[in-house]
Amino acid sequence: MTEQSVETMDESTIRRLTVFLCIYMLGIVISNAALIGLLVLRKNLRKISHLYIVALFFSELLDGLILTSSMLLDLNGVLDTTKCVGIRYAEEIALIFGIVTLIGIAVDRYRCIVYPQLYKPTFRSTIFVINGLLIASFIFSLNVFIENIYIKMCNILIEDEDSDLWWRVYGFIVHFVLPLVVLIVLYFRIVKKLWMKEEVLSASTVMKRRTVKLTLICSAAYVMCWLPFYIFEIVHDSIAWSDGHEELFVNSRFVTIFIALSGSLINPIIYGCFSQNVVQEIWLIKNQLQCKPNQIDVMIIQR
């Protein structure tokens, strides 16, 4: 979207978009914070494998908050050119950290399933890796300061120029294509190990399959949410649009933007609904709030 198209939007449209973005932001905060709280505060859920999931939900929280906040500022004319590079840097960090966290989860599952004899994780080593991913996101995102010399963009989702095709192709390759290739390779090896080879269907294998399905769904959600946005942006920047199609373009862009932001909203919901450990813990909390103390002790012993 060009700066001009934002300026020509009527106040009622800006107000509606602001309300939708605020609702999205609230949903992202509640869903991700709730899952983070469960995984961190509940003793039964404090597992090494869940550290990567906590990092994923933190990245989704960071991603959703920064992207929606910058869009709100942009729509309401609060951003100025002096703040552009700072906003871009924060957005890039949020996006990159979310992507490398998904890859980190896939690598962790790959090591656990394909090379179980070499897989000996500890809390310290896992936290070290996650911190390394976050630091790498800060370092890799420094490229926005170089790019800012050639392109003035205050928001990754809403660009200031219509002719930035090279930037959209770069973003599509770095934020989408390359991570997708890595995820496909890793999960193909995992699926081949768990489903395509004849192995005894033990309880451990069933649990691993369930875990892989869940993380694979979360990765697929990212792909399905961001693909329409990148396709639309690349197609738009590749075609000369007439002025009469400006309103259609603006509406279509915001549809793809909201679909992209949905990834940060639905992933914690997916995990909270389909993770057996999380569901059991939620039911335990519910029963603890309803039962007497002696009944709670009996339930814990039975588990």
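The structure presented is a predicted model; accordingly, all values stated were derived computationally and were not measured. No hydrogens, no waters, no symmetry mates; every other heavy atom, side chains included, goes into these values.
Between Ile282 and Gly272, the shortest heavy-atom distance links the atoms CD1-O, 4.3 Å. The minimum heavy-atom distance linking Ala221 with Ile270 is given by the pair CB-CD1, 4.4 Å. Closest non-hydrogen pair, His50 versus Leu45, comes out as ND1-O, 2.7 Å.
As a member of the Ile/Leu/Val/Met/Phe/Trp/Tyr network built from side-chain separations under 4.5 Å, Val255 groups with Ile259. In the hydrophobic clustering, Ile30 connects to Leu26, either directly or through intervening members, whenever side-chain heavy atoms lie under 4.5 Å apart.
Asn32 and Glu60 share no donor-acceptor pair across their side chains, judged by distance under 3.5 Å alone. Using modelled atom types and a 3.5 Å distance limit, the side chains of Glu92 and Ser141 yield no donor-acceptor pair. In this model, a donor atom of one side chain and an acceptor atom of the other lie less than 3.5 Å apart for Tyr24 and Ser262.
Other residues, nucleotides and ligands contribute at most 12 non-hydrogen atoms within 6.0 Å of the CZ atom of Phe274.
Contact of the Leu102 side chain with the Pro179 side chain is not registered, since no non-hydrogen atoms from C-beta on lie closer than 4.5 Å. Looking at Thr101 and Tyr52, their side chains never come closer than 4.5 Å, going by heavy atoms from C-beta outward. Counting heavy atoms from C-beta on, the side chains of Ile66 and Leu62 come closer than 4.5 Å. In this structure, His175 and Trp226 have side chains that are not in contact, with every pair of non-hydrogen atoms separated by 4.5 Å or more. Within the 4.5 Å cutoff, no side-chain heavy atoms of Leu17 are placed close to those of Met71. For the pair Val279/Cys273, no side-chain contact is recorded, criterion being any heavy-atom separation below 4.5 Å from C-beta on. By the 4.5 Å heavy-atom criterion applied to side chains, Lys208 and Ile190 are not counted as neighbours. In this structure the side chain of Glu281 reaches within 4.5 angstrom of the side chain of Leu284, judged on heavy atoms.
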Check against ring pair (Phe, Tyr, Trp, His ring centres under 6.0 Å), Tyr115 and Tyr110: CA-CA 7 Å; Tyr115 298 104; Tyr110 174 81; 5.8 Å; yes

Stepwise side-chain contact (heavy atoms from CB on, under 4.5 Å) test for Lys192 and Val114: CA-CA 9 Å; Lys192 183 178 179 181; Val114 179; over 6 Å; no

side-chain contact (heavy atoms from CB on, under 4.5 Å) between Val174 and Ile99, intermediate numbers included: CA-CA 10 Å; Val174 172; Ile99 293 166; over 6 Å; no

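Under the 4.5 Å side-chain heavy-atom criterion for grouping Ile, Leu, Val, Met, Phe, Trp and Tyr, Ile217 is connected to Tyr222 within one hydrophobic cluster. One hydrophobic cluster, built from ILVMFWY side chains closer than 4.5 Å, cannot hold both Met207 and Leu39; they sit in different ones. Transitive grouping of hydrophobic side chains (ILVMFWY, heavy atoms separated by less than 4.5 Å) brings Leu38 and Ile48 into a common cluster.
Side-chain N or O atoms of Thr68 include one that pairs as donor or acceptor with a backbone N or O of Leu65 at under 3.5 Å. Judged purely by atom type and a 3.5 angstrom limit, Asp63 has no side-chain atom pairing as donor or acceptor with the backbone of Ser59. For the pair Tyr230 (side chain) and Ile173 (backbone), a donor-acceptor distance under 3.5 Å is absent. Under a 3.5 Å cut-off, the side chain of Ser125 and the backbone N or O of Thr122 do form a donor-acceptor pair. In terms of modelled atom types and a separation under 3.5 Å, the side chain of Thr215 and the main chain of Val212 share a donor-acceptor contact.
Applying the ring-ring contact (aromatic ring centres under 6.0 Å, His included) criterion to Tyr170, with sequence neighbours excluded, gives Trp167.
In this structure, Phe254 and Phe258 have tilted ring planes: the angle between them lies in the 30° to 60° band.
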